[in-house]
Number of protein chains: 2
Amino acid sequence: MAEMQGRGPAGGDMLLYLTDEQLRRGAEAMFFAYRGFTADPDRILANKNYGRAHHRALHFINAAPGTTVNNLLSILGVTKQSLNRVLRTLIEDGLVESRVGRVDKRERHLFLTEDGAALERELSEAQRARMRAAYKQAGPEAVLGFRRVLEAMMDPDMRRQYRDLQEGRG
Amino acid sequence: MAEMQGRGPAGGDMLLYLTDEQLRRGAEAMFFAYRGFTADPDRILANKNYGRAHHRALHFINAAPGTTVNNLLSILGVTKQSLNRVLRTLIEDGLVESRVGRVDKRERHLFLTEDGAALERELSEAQRARMRAAYKQAGPEAVLGFRRVLEAMMDPDMRRQYRDLQEGRG
DNA sequence: CATATTAAGTCAGCCTTGTTGACATTCCAA
DNA sequence: TTGGAATGTCAACAAGGCTGACTTAATATG
């Protein structure tokens with residue numbers, strides 16, 4: 001095989017990090033970390049009649065203002081019925097605005113209102129605070145590796161979505 | 001402030017990796033990667049009348065054979081009613097065995113049967129295959145960083161659980 | 001122009017998995 | 001012996017997924 005990517009910094013055996021036990025360990029880390037990752041926004045939302053699905057919608061509308069419903073669907077990976085339920089409440093509550101497309105009038109372009117942007121900020125700031133602390137504690141090299149592994153773990157379609165989002169921010 | 005942990009390897013500004021944009025980016029990476037992380041087992045389970053909750057129970061019973069219901073509850077972070085529903089079907093279907101404690105007969109100790117262990121293997125092997133590919137692609141340094149950041153992202157209680165699980169494997 | 005396709009929205013119904021609250025049983029320990 | 005802990009169970013509910021069927025409007029295509 002000769003996968004010579006190198007040896008662990010601790011000087012262990014080659015490819016020790018690819019043993020089943022290490023992989024199980026990584027899976028557990030993902031599980032526990034994702035819980036932490038969502039904990040703070042979830043706590044905020046619990047008092048507001050919204051859930052994690054609303055957070056996700058707010059996040060991606062904020063990241064790509066003017067996105068269409070279809071595009072949001074493919075980013076979130078849910079059915080339109082599921083998204084619609086969430087989107088409807090956000091629009092009714094004045095957090096999201098839906099504008100008919102100028103060039104293609106079938107499309108609806110989604111934007112956050114001021115209130116929507118405010119809630120998005122509150123949620124993502126809570127989430128960022130935790131990530132900031134984790135990044136700080138782990139250091140820049142670790143953050144690079146973190147992102148590299150996560151990216152490699154995505155489905156190809158999602159990786160494309162993920163990278164496209166970055167483009168929009170130049 | 002003077003957080004002198006260093007500069008990005010690309011030679012960019014100090015603490016560039018702690019900007020709000022970088023943190024948002026990390027959050028999106030977590031979102032998309034977690035989808036990939038659960039995709040394969042979910043696909044397998046869809047054909048079997050089980051869900052992600054069953055996978056989690058099987059995983060942690062396998063990781064800590066003989067664990068009590070209460071211990072499993074605190075690892076999974078759900079209510080006993082929620083866990084019980086899942087556990088009941090697994091026991092009925094002969095995938096999990098529940099033995100009355102010898103020293104404390106109130107406690108139930110949980111074990112996988114052969115069938116349970118087989119399903120657990122199938123699920124976790126699918127999950128590990130993806131992680132193995134991601135680890136290989138990212139390299140050992142990245143994996144170290146990945147785990148470091150994830151660990152820093154956990155709630156302290158979860159971090160304790162996570163580390164305790166490691167102890168049990170020496 | 002006629003027709004097919006697409007985007008969006010809606011209704012109804014279902015499933016999984018989470019939640020509370022109430023309550024029974026069993027058993028350990030003070 | 002009594003209080004509390006661990007477990008299990010019942011009922012009811014909510015969020016957020018899903019499928020399927022259908023409408024409306026607008027665009028694309030023959």
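Residue numbering restarts at 1 for every chain, and letters A, B, ... go by the order of the sequence lines.
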- Item | From Gln161(B) atom CD to Phe31(A) atom CZ, the distance as rounded to the nearest 0.5 Å |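 Interatomic distance, Gln161(B) CD to Phe31(A) CZ, rounded to 0.5 Å: 10.0 Å.
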
Spacing of [X] atom [atom1] relative to [N] atom [atom2], expressed in whole Å:
X	N	atom1	atom2	result
Asn84(A)	dT19(D)	CG	P	15 Å
Asp42(B)	dG16(D)	CG	P	18 Å
Leu87(B)	dT9(D)	CG	C1'	14 Å
Arg85(A)	dA15(D)	CZ	P	9 Å
Ile91(B)	dT9(D)	CD1	C1'	13 Å

Test salt bridge (charged side-chain N to carboxylate O under 4.0 Å, His left out) applied to [X] - qualifying residues, sequence neighbours left out:
X	value
Asp42(A)	Arg52(A)
Arg121(A)	none
Arg43(B)	Asp40(B)
Arg128(A)	Glu125(A), Asp20(B)

- Query: Hey, can you pull the residues of residues 69-82 of chain A with a non-hydrogen atom under 4.0 angstrom from DNA chain C?
  - Reply: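 Heavy-atom contacts with DNA chain C come from Val69(A), Asn70(A), Lys80(A), Gln81(A).
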
- What parts of residues 95-112 of chain A reach DNA chain C, counting only heavy atoms under 4.0 Å away?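 Those residues are Arg106(A), Glu107(A), Arg108(A).
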
- Item | Steps toward side-chain hydrogen bond (donor to acceptor under 3.5 Å, both in side chains) verdict (Arg132(A), Gln137(A)) | CA-CA 8 Å; Arg132(A) 195 178 295 118; Gln137(A) 193 179 321; over 6 Å; no

- State whether Arg88(A) places a side-chain N or O below 4.0 Å from either non-bridging phosphate oxygen (OP1 or OP2) of dT10(C).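 Yes, Arg88(A) has a side-chain N/O under 4.0 Å of OP1/OP2 on dT10(C).
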
- Task: Return each pair, listed once, that meets side chain to side chain donor-acceptor pair (under 3.5 Å) where at least one residue sits in residues 104-114 of chain B; pairs must be two or more places apart or across chains.
- Result: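 Matches after skipping sequence neighbours: Asp104(B)-Arg106(B).
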
- Task: Could you note down all residue pairs passing side chain to side chain donor-acceptor pair (under 3.5 Å) where residues 80-92 of chain A supplies at least one of them, sequence neighbours left out?
- Result: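 Every side chain to side chain donor-acceptor pair (under 3.5 Å) pair that includes a residue of residues 80-92 of chain A, provided the two are not neighbours, is His54(A)-Thr89(A).
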
- Query: According to the ring-ring contact (aromatic ring centres under 6.0 Å, His included) rule, which pairs have a member within residues 139-163 of chain A, sequence neighbours left out?
  - Reply: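 Sorted result for residues 139-163 of chain A: Tyr135(A)-Phe146(A).
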
- Message: Can you list everything that forms a side-chain contact (heavy atoms from CB on, under 4.5 Å) with Ala27(B)? Sequence neighbours excluded, please.
- Response: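 With neighbours one apart ignored, the set is Phe37(A), Gln127(A), Met131(A).
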
- Item | Closest heavy-atom pair and its distance - Arg148(B), Ala138(A) |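 That closest heavy-atom pairing would be CD-O, 3.6 Å.
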
- Message: Quick check on contacts: within residues 45-57 of chain A, what sits under 4.0 Å from DNA chain D by heavy-atom distance?
- Response: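 Contacts with DNA chain D under 4.0 Å: Gly51(A), Arg52(A), Ala53(A), His54(A), Arg56(A).
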
- Message: Could you check whether any side-chain heavy atom of Arg163(A) comes within less than 4.5 Å of a side-chain heavy atom of Glu167(A), counting everything from C-beta outward?
- Response: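 No, side chains not in contact.
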
- Taking Arg130(B) for its side chain and Gly36(B) for its backbone only, find out whether a donor-acceptor pair lies under 3.5 Å.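 Pair found, side chain donor or acceptor close to backbone of Gly36(B).
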
- Item | Five-pair end axes of the helix from dC1(C)-dG30(D) to dA30(C)-dT1(D) and the angle they enclose, rounded to 10° |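 Answer rounded to 10°: the end axes differ by 20°.
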
